[in-house]
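Worksheet: the structure to be examined is printed underneath.
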Amino acid sequence: MYHRAILSALIIFGLSACTGYQRPSTAFHEALTDAYRLDAGDELRVSVYGQTELTRSYKVDQAGYITMPLINFVPAKGQTTNELESEITKKLSNGYMRNPDVTVEVATYRPFFIMGEVQNAGQYPYVAGMTAQTAVAIGGGFTSRARQGTVDVTRQINGEVLTGKVPITDPLRPGDTVFVRERLF
């Protein structure tokens, strides 16, 4: 009788561990459809019509700024490319140029990271349209001990770091960290 009670408790505990899946918050997936926000590590192509000395690539530094001739530091972190265009236009209009025509586009997105049960964990360049499955493939594929149906993704949204367990087919964003867990059996 005593052994049966312990066995029942272990089975219930084991089943509860299997059903411990919690969907990520709605903000986690809403971030996938929001406008892309710049952050450290993004490389931008800034074009100022008729100004070859200003038209070039700029990297967002760790503090979240790009440094341009004439106007020096321009805050880029957390802004969309359209917002950054407006900021650069405003700064250039302030005593340097009349009606500057500025465009900003992301030349290279910041990297993503993959850890856990993959062949080659590490930092890799982000590719537009990437899914968790693509990230695993870039990381050399699953190890023999990997849980292959879901992964944990850590994503920064509006300054808050969120982690969610998602299907392998879920899309990723630049800067995401993917963790592949070890399977139990």
- prompt: Would you say Tyr58 and Tyr65 are hydrophobically clustered, going by side-chain heavy atoms of ILVMFWY under 4.5 Å?
  reply: no
query: Is a salt bridge present between Arg145 and Glu182, judged by a nitrogen-to-oxygen distance below 4.0 Å?
result: yes
task: Calculate, to the nearest 0.5 Å, the distance between atoms CG and CZ belonging to Asp176 and Arg155 respectively.
output: 4.0 Å
message: Between Thr55 (side chain only) and Val48 (backbone N and O only), is there a donor and an acceptor less than 3.5 Å apart?
response: yes
message: Any heavy-atom pair between the side chains of Val151 and Phe179 that's under 4.5 Å?
response: no
- prompt: For the hydrophobic clusters of this structure (ILVMFWY residues joined by side-chain heavy atoms under 4.5 Å, transitively), does one cluster hold both Val178 and Met115?
  reply: no
field: Inter-residue atom distance Lys59.NZ - Thr67.OG1, 0.5 Å rounding
entry: 13.5 Å
task: Count the heavy atoms of every other residue, nucleotide or ligand shown that sit under 6.0 Å from CD of Glu53, and state whether that count exceeds 12.
output: yes
Min side-chain heavy-atom separation Leu44-Ser57 under 4.5 Å: no
statement: Separation between CG (Leu38) and CD (Glu43), nearest 0.5 Å, reads 12.5 Å
message: Could you check whether any side-chain heavy atom of Tyr126 comes within less than 4.5 Å of a side-chain heavy atom of Pro111, counting everything from C-beta outward?
response: no
- request: Take Thr134 and Thr131, measure what side-chain hydrogen bond (donor to acceptor under 3.5 Å, both in side chains) needs, and give me the verdict at the end.
  value: CA-CA 5 Å; Thr134 310; Thr131 64; 2.9 Å; yes
query: Hey, is CZ on Arg147 packed in by over 12 heavy atoms from elsewhere, all under 6.0 Å?
result: yes
query: Linking I/L/V/M/F/W/Y whenever their side-chain heavy atoms sit closer than 4.5 Å, directly or via other members, would Tyr36 and Phe112 fall into one cluster?
result: yes
task: Could you tell me whether Lys90 and Glu85 have a side-chain N and a carboxylate O separated by less than 4.0 Å?
output: no
- prompt: Would you say Asp170 and Val153 make side-chain contact, with heavy atoms under 4.5 Å?
  reply: no
query: Hey, is the main chain of Gly139 close enough, under 3.5 Å, to the side chain of Tyr124 for a donor-acceptor pair?
result: no
message: With heavy-atom distances below 4.5 Å as the criterion, would you say the side chains of Phe142 and Ile168 are in contact?
response: yes
message: So, taking the atom named CG in Asn94 and the one named CD1 in Ile71, what distance separates them when rounded to the nearest 0.5 Å?
response: 10.0 Å
